[in-house]
2 protein chains.
Amino acid sequence: MADVARAAGVSTATASMALNDTGGRRIGPETRERVRAAAAELGYRPNTVARGLRTRRTQMIGFVGDDVATTPFAGQMIRGAHDAAREAGFLLLMVDTSGDPAETEEAIGALQERQIDGILLATMYHQVVAVPDAMGSTPCVLLDARTADGSASSVVPDERGGTLGVLAELTGAGHVRIGHVTTREQVQARAVRLETWRERVAECGVDPEPLLVEVEHATTQLGYEGALVLLARPDRPTAVFCFNDRMAMGVYRAAAELGLAIPADLSVVSYDDQELIAPALHPGLTSAALPHYDMGRWAVVELLRRLDDPEAAPVQHRMPCPVARRQSVAKPR
Amino acid sequence: MADVARAAGVSTATASMALNDTGGRRIGPETRERVRAAAAELGYRPNTVARGLRTRRTQMIGFVGDDVATTPFAGQMIRGAHDAAREAGFLLLMVDTSGDPAETEEAIGALQERQIDGILLATMYHQVVAVPDAMGSTPCVLLDARTADGSASSVVPDERGGTLGVLAELTGAGHVRIGHVTTREQVQARAVRLETWRERVAECGVDPEPLLVEVEHATTQLGYEGALVLLARPDRPTAVFCFNDRMAMGVYRAAAELGLAIPADLSVVSYDDQELIAPALHPGLTSAALPHYDMGRWAVVELLRRLDDPEAAPVQHRMPCPVARRQSVAKPR
DNA sequence: ATGAAAGCGCTAACAG
DNA sequence: CTGTTAGCGCTTTCAT
C-alpha cells in the first residue's frame, strides 16, 4: 500500500481512502483514478489481516457443525451459507465437532480467537438447544436448531408443512387408509412427522394406531422389516408415509416381495428427498425436500443483519419443505 | 495481553514469551506460572489477527473445492482435512467454485488476501490439472487431482488397485466371464477402471469386448438399461463389475426383473462404497471404497510439511481403495 | 482536498 | 533472566 501511495504520489491515507471509497467526498476523482491505476499496475492486494486488526472486522464467519461430513444434508447447508457469505464478501471458517459439547465450546473459542465476525451454529437433525456459554456476545444464528426461549435467531425446516404436503398428495389421490413407518429414535423430526400424520389420518375418519409401525432405527433394513409387518395386517393401508427416504427404500423392497406394485397397489411418500435415493428408486419416490441450501442462505443473511444491528430482535424462521413429486402415488385400487 | 502483563507484574514481551513458551530458556519457571495464572484469571484469549500480522502466519488453510456440496465424497475429504488441520492448530477457510476456472482464480486471491498459510486445491473426480497462475508461491497440495509434470504435491485414489481388489473377489470365487457396465463420460476414473477390467478379464483367457456395456451417464436408470442389454446376451456373464454404486443399483433391478438372484445367479461388485447405497441394497453390495477421508488428512500433513520446508520435493501419492466386502458375491452357478 | 501521525495487539530484536 | 522498543499493514482521527 505504501508502494501504491508512492507510485500515485499521495499519502497512504489518501491511497486507502481512494481504494475503499471511504472518507466521504474528500478524494478528488482524478486522484482516485491515479491511485486505482497504480494499484492495478503494481498488482496490489490488500492485507486483510492488517485491516482486520485496525477495523476489528475480519469478514469471516465461523461455521460450527455437529457432523459436517456424515450427513449429506450438511453439504447443502454449508453450500447455502457459503454462497450467501461470498456474495457479501465473507468467507466461512469451518469447525466440525462430533456433537460433543466440550468440543463445541472449544471450537467457538478457536473461532473467537481468530476474530470472526459471527458464528453459525448448526445442529444436524434439528433440535432444541441452548446457546453455549462460550458464545458470549458473539453474534450467532442457529441452523437446524432453535432455543427454547427464542433468545437467538434460528431457522428450522417446516416439518409440519412438509408432512401435510406429502400427505396431501395421497389424500388428493383419494387415499384415507395411510400407514406410517417410522423410527423410535427421539428426534424432533420424528415427533412432528408422526403427530402430523396422526392428526391428518384421524381427520379422514380413520383410526391411525393400527396403521403405525415403529422400528429401532431409520435404516433401509428396518424400513423393510417394518413394512412387512404393516402390509401383512388384515386391513392393510393403501398408501404409506415413510419417516425418510432410506426407510422408503426398504418399503419398496417389501412391496416387491409381497407382489404389490408401486404405485398401482400401494402408494408411497416420504421425507428428505435425498438425491441418491428418491430419484433413483423405481418408480421415482415422491418426497418432501429438506430445504438445507435455503436455510444456510437465510442464516447468513440473518447473521449479517445482526452484525449491522446488534440490537435487532432475534427471529425464529421456519423454512418450507417443498414436495418433490414423482411417480410413487396413484389412486387407491 | 497488556492487562495480563500488568497483573503478573511483567512486561508484555515477557508475558508473550511465557504464554507461548518461546524465547528459549529465558523465562523463569515461577514467572511463567505467575503469567499463566494471571492469564487464566483474566480469561485472556490471544488475538490471532494481531499475532498473524506480526508473524505472517495465520494458522489457517484455504480449501478450494470444485463443488463441495454436490458430491457426498467431498464431505469426507473436507472432514479428513479438517481433522488433521485441527490437530495441528489450523482451521479451514472454505471456498467453493462451481468448477469455473475464473472463480477458482478469484477464490485463491480471496484466500491470499486473508493471508492463509497454504491452499488445498480439490478437484472432484480426479483429473489432471494445472496449478492456477494466481497460486503464485503459495504452498499448495492437490486433492483428487494431479499435475501433468509432478510440480505440485498431490493425492489421488489408487483406482487401479481398487479395481483389481474387487475383481479379485470375483476371480477368487471362480468367476472368469465378468461383465462391465460403465459410462461414456470421459473421466479419469472411467478410463482406469475400464482398462484394468479389460486386462484382467483378458488374463483369464476371456475376450472382454462382448462383456462390455457403455451408457451415456453413470445413473441408476442407465445402469438398469445397460444391465438389461448385457444380461440378455447369449453368453451372459456370471458376474458384473459396475462403474459405480449408482449404476449397481440399476443392475440389481435388472437382475430382479430377469429373475436372477444375487449372488446365486449373478455376482455383482462395484466402486465408490457409498454409504447410502452399498450397505442399503439387498444383498449388501461389495464395493471398492474411495478413501476420501484419508486423502484429506494426507493432503494437510503434506501441506504442513511444505510449510516447514518450502524446498521439499513435491510428492505424488496414490491412496489405496480398500474393498468393502458384503454379500453380493458367490461362486458361479 | 490532502498529509502526518497514532494505534489496532502482538512478537522479536536489542539492551541491560 | 527481564524490560524497552520497533514495527507488521492498514484505517482514521486531526490538522492543514
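Lettering of chains follows the sequences in order, A, B, ..., and the numbering in each one begins at 1.
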Distance in angstrom units between [X] [atom1] and [N] [atom2], rounded:
X         : N       : atom1 : atom2 : value
Met17(B)  : dA12(C) : CE    : C1'   : 6 Å
Gln115(A) : dG9(D)  : CD    : P     : 19 Å
Leu19(B)  : dT11(C) : CG    : C1'   : 12 Å
Glu30(A)  : dA1(C)  : CD    : P     : 10 Å
Arg34(B)  : dC1(D)  : CZ    : C1'   : 12 Å
Asn20(A)  : dT12(D) : CG    : P     : 8 Å
Leu53(A)  : dC8(D)  : CG    : P     : 13 Å

Less than 4.0 angstrom between a side-chain N/O of [X] and OP1 or OP2 of [N], yes or no?
X        : N       : value
Ser16(B) : dT11(C) : yes
Thr31(B) : dT2(D)  : yes
Thr14(A) : dT2(C)  : no
Arg51(B) : dG9(C)  : no

Is a salt bridge present between [X] and [Y], judged by a nitrogen-to-oxygen distance below 4.0 Å?
X         : Y         : value
Glu30(B)  : Arg36(B)  : no
Arg306(A) : Asp117(A) : no
Asp3(A)   : Arg6(A)   : yes
Asp83(B)  : Arg86(B)  : no

For Asp309(B), what residues pass the side-chain contact (heavy atoms from CB on, under 4.5 Å) criterion, not counting sequence neighbours?
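With sequence neighbours excluded, Asp309(B) shows a side-chain contact (heavy atoms from CB on, under 4.5 Å) to Glu311(B), Ala312(B), given in chain and number order.
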For residues Glu302(B) and Ser153(B), is any side-chain donor paired with an opposing acceptor at under 3.5 Å?
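The criterion, which ignores hydrogens and geometry beyond distance, is satisfied for Ser153(B) and Glu302(B).
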What's Thr48(B) touching, base or sugar-phosphate or nothing? Going by heavy atoms closer than 4.0 Å.
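If one applies the 4.0 Å heavy-atom cut-off, Thr48(B) turns out to touch nothing in the nucleic acid.
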From C-beta outward on Arg54(B), which listed nucleotide comes closest to its side chain: dG9(D), dT11(D), dA6(D)?
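Of the options given, the side chain of Arg54(B) lies nearest dA6(D).
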Positions of residues 3-11 of chain B (non-hydrogen atom under 4.0 Å from DNA chain C), listed by number
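Going residue by residue through residues 3-11 of chain B, none turns out to have a heavy atom under 4.0 Å of DNA chain C.
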Output the distance between atom CD (Gln274(B)) and atom CD (Gln76(B)), rounded to the nearest 0.5 Å.
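Going from CD on Gln274(B) over to CD on Gln76(B), the span is 11.0 Å.
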